[in-house]
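Structure record follows, encoded as structure tokens.
Note that the structure is predicted; figures quoted are calculated from it, not measured.
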Amino acid sequence: MFIPPPECPVFEPSWEEFADPFGFINKIRPIAENTGICKIRPPPGWQPPFACDVDRLHFTPRIQRLNELEAQTRVKLNFLDQIAKFWELQGCTLKIPHVERKTLDLYVLYKLVKEDGGFDVVCKERRWSQIALKMGFAPGKAVGSHLRAHYERILYPYYLFQKGANVMNSQKPTLNNDTKDKEYKPHDLPQRQSVQPAETCTIARRAKRTEVCENKPNLRRRMGSYVAKPEPGTDPYFFISTFIPKNHIVEQYMCLVCGGGGDEDRLLLCDGCDDSYHTFCLIPPLHDVPKGDWRCPKCLAQECGKPQVAFGFEQAPRDYTLRTFGDMADSFKSDYFNMPVHMVPTELVEKEFWRLVSTIEEDVTVEYGADIASKDFGSGFPVKNGTFKVSPEEEGYLSSGWNLNNMPVLDASVLTHVTADICGMKLPWLYVGMCFSSFCWHIEDHWSYSINYLHWGEPKTWYGVPGYAAEQLEKVMKNLAPELFESQPDLLHQLVTIMNPNVLTGHGVPIYRTNQCAGEFVITFPRAYHSGFNQGFNFAEAVNFCTADWVPLGRQCVEHYRSLNRYCVFSHDEMTCNIAAKADILELELASAVQKDMCAMILEEKMLREKAYKLGVWHSQQVDYDLLPDEERQCAKCRTTCYLSAITCPCSPDQLVCLHHIEDLCSCPVKSYTLKYVYKYTLAELKPLFQALTARAESYEDWASKVNKILKADQDDKSDLEELRSLVVEAEKKTYPETDLLSHLCQVIQNADRCTSMAQQLLNGKRQTRYRSGGGKSQNQLTVEELRSFVNQLYDLPCTIRQAPFLKALLNRVEQFQQESSDLLAEDMPGSSALLGLLDEGASLDVELPQLAVLRQRLEQARWVEAVQEASDQPADLSLDCMRRLIDQGVGLAPHACVERTMARLQELLTVCEHWEEKAHNMLTARPRHSIVTLEAAIQEVDSIPAYLPSCLQLKDCVSRAREWIMEADALQAGGHIPGLAALSELVSRARGIPVMLEPPTRLESLVSEVQAWKESAANTFLLRNSSHSLLEVLCPRCESGPQKSKSKKAKDVSVPCKKVEVKLDSLFDVEKALSTSKDTASAMATLSDVHQKELESLSMMRTSNESKFQSSPSCLAPTVCLCHTVPAGPMLQCELCRDAYHSGCVPGFKDIQSGLPWLCPLCKLSEKPPLEKVLPLLASLQRIRVRLPEGDALRYVIERTVRWQHKVQQVSPTPHPNGKVSLICSNIISLKINENMKIFYLYSFPETKKEPEKLEKNSKRRLEKENIEGQHRDTIQKPKKKKPKMNKERRREEKQTTSPSNSLSDLSYSDDSEEDWSVCSAKKCQQPEGNEVNWVQCDGSCNQWFHQICVGVSAEQAENEDYICVSCSKNDLTE
């Protein structure tokens, strides 16, 4: 598979550059000469007209058989032709055998066996398997034995013949071919195609490249009638005879071995020399008469030993016009590729071409119209005074330097000074190509430049080798095909041999390629080998040119030609002398180059003349060689054209030699013969020419020396830029030519100016970056490498730049920044402050720093990591949203190990937090609720999570509240303390808000429910139907008096008791608040007593005020009474409590009023005044509930007042009390209905007494128990089983009150909240038990007192199941 070489450079000059062809070529030469060839695309619009006369153009193309062009393939073909000829001369036909389904390469087999020591050595050492491996056959298939058989049968006889061995004693050679083998048809290269070395060459032609081939001799069997004369010394060889017909007179032929003429039927006649041999005289004898032509050993040696003639192209048998050749070329390509010519890819054509030239099995023949002289049929470019007439807008092409008719003779071209019109060098040649037609590897004559322009047609593919690799290419080709160079040392100058570029590149030869399209130029540089082929039908034109830089190469080429004995196209010395003769008008660059060349020429000529003089050549004769043609002044030895001098001998006046080959002229002794010494110029005559050149070039040389010294100065010896400018000014004043040196100097100054300007901009930009915002990359910023390269460029300039040290300092800062950045970025995660500082430092440098992007990236990473760390250090603020926000910010960051680790930890923490948040939320909302133990266990795990978790904190708060609630609940119920309703309600309400499964709330809620039921029962007992008053308002003493009574506002429940302070009791709200905040029942009773006292005072004042209304007064106004606030009229009623009068019609239910009984007005009658017997069970049930509430305290106070009132009544009855009115008021304001109330009323009216209160007193407890059983939501009255803790043992009551009905009622009504009452055992001899649990029992008799079970000898089971009657109650029962 062919691999295309790299492309050569392609240049597209501007119109300004295109105007000076040689100037542009000199400009691109440093680049293009490194690839050997280059392509130039003219500016758009440069399209010269095609001026060739198509009708007159006709030519005979060359025939090219592709596989004969390639060097290695031609070697194989030559070898096979020799083998085929060897066997053909012996009457056999060569057939190429097949091994492993492919044609056997006989040449490679022959070479490998020969390299391994020959057939005998290979057989002896059994190397045939190794030979097979070297030839590419797979191992293990016994291919070696087949190779041995084929070699022994086909190649070994030829090997012995080439070796010159006498094989008379050898076995008879045979060539028994396999019927499957393919018959080989010889190419007959030496006979069919040859190039005979030209003996002469006219000055108007360059090297002859083609010759007409000689016809192949007809080798046939001759049946002569003469006696052949044997030649002595001829040894017989492999004899393959022919049968001599019987009609011949065989007596005329004699056997050269035995000398006899008998046995004519066994007599063989050589078809080459007519010598005769008996078959039985041959050693070994022939048993059969061979068929076909037969050659004797002598003829066989002569035929096979002929020297190989030079290879060349044969001319086609027909003449073509441009049109007929195009038709043939297009037809060939379309038929070959089976597609239209314009659709065939160039890559396909290229690969197919190199495949065809490398195969011996396919013979493809093409034709190429090459080297057609443009002077015969006209150039493709228009020329002045030509037959082609151009339009006015196309006249510029006539004088264009890119017109190939003008380029060789431009003023800057050296060929201008060559007088002859050399076809192909000074006059363009035309080339008409077809697909696969090729031009082989070659370099231009005299190593000159060449330029090729493709006028139209399909592309031309080029391959080029740089001039410095020319000798390398020659060496590689000689090593790979030495057989070709043995017969033709100058083979590469014949343009008849190519070699695959892949093979050459494989041996280290640099090769470049290009496809030249229509309208494009291809330039080859001095000594640059080039070759190529045409992609299809096209028309190209080419010519040579030489510039001043070629002059030394031209002299070197002449020396190379001398070593190859190759003739020159023109005399280089003659050209040098012609240029020197015009020294005054020469351009300085050319004058300087020719001056150096002439100096070398004069030195060499002087040395050679001295050498000839020392050899004895003393005779000389002046001859003008300008008048002689080149072929008459060529050296007989090296074929170099002589110009300055030559040597002749009288024995051969028509021959001459150059001074290098004096000994090769003839065999005459130098001293015995007179040799003529001819010369064009004496050394004295050459001196003025050289001095004229020197004078012309001297000033320029001094200037150039000074320029070169400055341009090559060391760093410490550099000049200022102004000095370089002065040299340019000097060159302009002295009109020095536009040489490469001057151009280089101007370019250096231009570069220095540009560098100075750029350096100043960089320095200014550095100062301005402080005020540039954004931190982004400026469009004019340099990269670090560009800055470094720019600084190096400043210091590489041949002049000093003032800004260079400042930029060097900037570069040092940049490099220091890069080092610091590298060190900082090498850390796992540097701090953001360090990164920010380094970023500020980098931003201050007006240079594109790739580290800035990395530092910004790392800064974002560092800030994120620090933000995560800062958030982790403050777990109270690290919420789930914060973590999610941090993770979202971290996702957009570039990958980094520290970021990944931090992200992993944060993700893990977020996962754990989300899990616990969800778990905590589920715990808070779970139904049924979790226990406090479960929640505390969860909290212990949550405490180790460093994050803010609202649900977990709420869970923790709930547990804390639950614990606090439990503690409060325990404290509220501990030590016999009876909680208040407000505190209890508040505690229950709080329990409902705590999402924890709490055991106490169930009991507390039950208590609250019981209290609410009790309040409803009490309200039903005391409140009037549709009453607007509250229960507390009814039970409490009246704290508000006057005709207008308003409903008091209910106070808020207060759970925490306050320290007793002086409070106002002016309203029901104040009273309720005081009762709620009271610590115990005693303080509540005191508060109610105060309120009662105020009530009495208020009522007394109200009664006095109302009674005064009916007394005479000086006022004329009548008093207003009743609810209607009018004057008294008609029947009036008077309230027993407030003493206000009311119209009977205004009082509802007037008719139901019983006469003689006390009457209360609607404003004074607040309740139903239930009987005491109905109220006492309410108090008892409240005591069993063990909850304090303001209504309960008020009820207890009402009962106490009632009992006290009854006691007082009993004391004063039947004697009227002086405070009877007050007592009557007290009885009226008590909310209980008492029988004595009526009796006292009548006691004051009618003096009668009855002692029934005591009886009522005795039955009160029983009635209380009965109503309690009926009214409460309990099945049985349970005795207290739980112990009552002693909280105030030191405050135990020391004396017992006497047991009386009043005392008993008082004890019953005494506050159950009083710790003193509950903590004192009523036994006379209390054992005062201690411990955490003390069991109590209550007397079921009339006293209701409490005793320690251990003090009265009662077990817990007895107290539970049986009634207990204390000793006192038992005695009272006995006495009664």
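A salt bridge does not link Asp720 with Arg725: none of the charged nitrogens is closer than 4.0 Å to a carboxylate oxygen. The pair Lys27-Asp20 does not count as a salt bridge, with every side-chain nitrogen at least 4.0 angstrom from each carboxylate oxygen. With salt bridges taken as basic N to acidic carboxylate O contacts below 4.0 Å, one links Glu471 and Arg527.
Residues meeting the salt bridge (Lys or Arg N to Asp or Glu O under 4.0 Å) test with Glu458, sequence neighbours left out: Lys333. For the side-chain hydrogen bond (donor to acceptor under 3.5 Å, both in side chains) test, no residue two or more places apart in sequence or in another chain qualifies with Glu16.
A donor-acceptor contact shorter than 3.5 Å links the side chain of Glu786 to the backbone of Thr783. The backbone N or O of Phe533 sits nowhere less than 3.5 Å from a side-chain atom of Ser438 that would complete a donor-acceptor pair. Not a single donor-acceptor pair under 3.5 Å links the side chain of Asn452 to the backbone N or O of Val522. A donor-acceptor pair under 3.5 Å is formed between the side chain of Asn502 and the backbone N or O of Ile3. Remark: side-chain polar atoms of His442 are paired, donor with acceptor, to backbone N or O of Cys440 under 3.5 angstrom. The closest donor-acceptor contact from the side chain of Ser726 to the backbone of Glu723 lies under 3.5 Å. Using modelled atom types, one side-chain atom of Thr694 and one backbone atom of Phe690 make a donor-acceptor pair closer than 3.5 Å. No donor-acceptor pair under 3.5 Å is formed between the side chain of Ser757 and the backbone N or O of Arg754. With His560 contributing its side chain and Gln556 its backbone, the two residues share no donor-acceptor pair below 3.5 Å. The main-chain N or O of Val569 is found under 3.5 Å from a side-chain atom of His446 such that the two form a donor-acceptor pair.
For an aromatic pair to be called close, the ring centres must be under 6.0 Å apart, and Phe381 with Tyr453 satisfies this. Aromatic rings of Tyr512 and Tyr463 (six-membered ring for Trp) have centroids beyond the 6.0 Å cut-off, not under it. Taking the ring centroids of His572 and Phe570, they lie at or beyond the 6.0 Å cut-off.
Using bins of under 30°, 30° to 60° and over 60° for the plane-to-plane angle, the ring pair Phe539/Trp456 lands in the parallel bin.
Side-chain contact, Gln47 with Tyr397: no donor N or O sits under 3.5 Å from an acceptor N or O. Side-chain N/O atoms of Thr547 and Asp549 include a donor and acceptor closer than 3.5 Å. Of the N and O atoms on the side chains of Glu444 and His530, at least one donor lies less than 3.5 Å from an acceptor on the other residue. Of the N and O atoms on the side chains of Ser379 and Glu541, at least one donor lies less than 3.5 Å from an acceptor on the other residue. In summary, the side chains of Asp597 and Thr576 do present a donor paired with an acceptor at a separation below 3.5 Å, with no hydrogens or angles considered.
A cation-pi arrangement, defined by a distance under 6.0 Å to the six-membered ring centre and an angle within 45 degrees of its axis, is present between Arg566 and Tyr561.
For the residue pair Cys517 and Pro459, the shortest heavy atom distance occurs at SG-CG, 4.4 Å. The minimum heavy-atom distance between Val543 and Leu404, with the atom names listed, is CG1-O, 3.6 Å. Residue Ala540 comes nearest to Leu454 through the heavy atom pair CB-CD1, 3.8 Å, listed as atom of the first residue, atom of the second, then distance. Nearest heavy atoms, Phe2 versus Pro501: CE1-CD, 3.9 Å. A pairwise comparison of heavy atoms in Leu797 and Lys718 identifies O-NZ, 2.6 Å as the closest pair. Heavy-atom minimum distance, Pro42 versus Gly519: CD-O, 3.2 Å.
Here the options are Tyr368, Tyr431, Trp462, the test is ring pair (Phe, Tyr, Trp, His ring centres under 6.0 Å), and the partner is Phe439; only Trp462 passes. Shown are Trp15, Trp402, Phe521; of these, the ring pair (Phe, Tyr, Trp, His ring centres under 6.0 Å) with Trp46 is made only by Phe521. Screening Gln516, Gln535, Glu350 for a side-chain hydrogen bond (donor to acceptor under 3.5 Å, both in side chains) involving Thr461 leaves a single residue, Gln535.
The environment of Asp411 atom CG is sparse: at most 12 non-hydrogen atoms of other residues, nucleotides or ligands sit within 6.0 angstrom.
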- Item | Verdict with reasoning, Phe22 to Leu410, per side-chain contact (heavy atoms from CB on, under 4.5 Å) | CA-CA 9 Å; Phe22 287 162; Leu410 292 177; 3.9 Å; yes
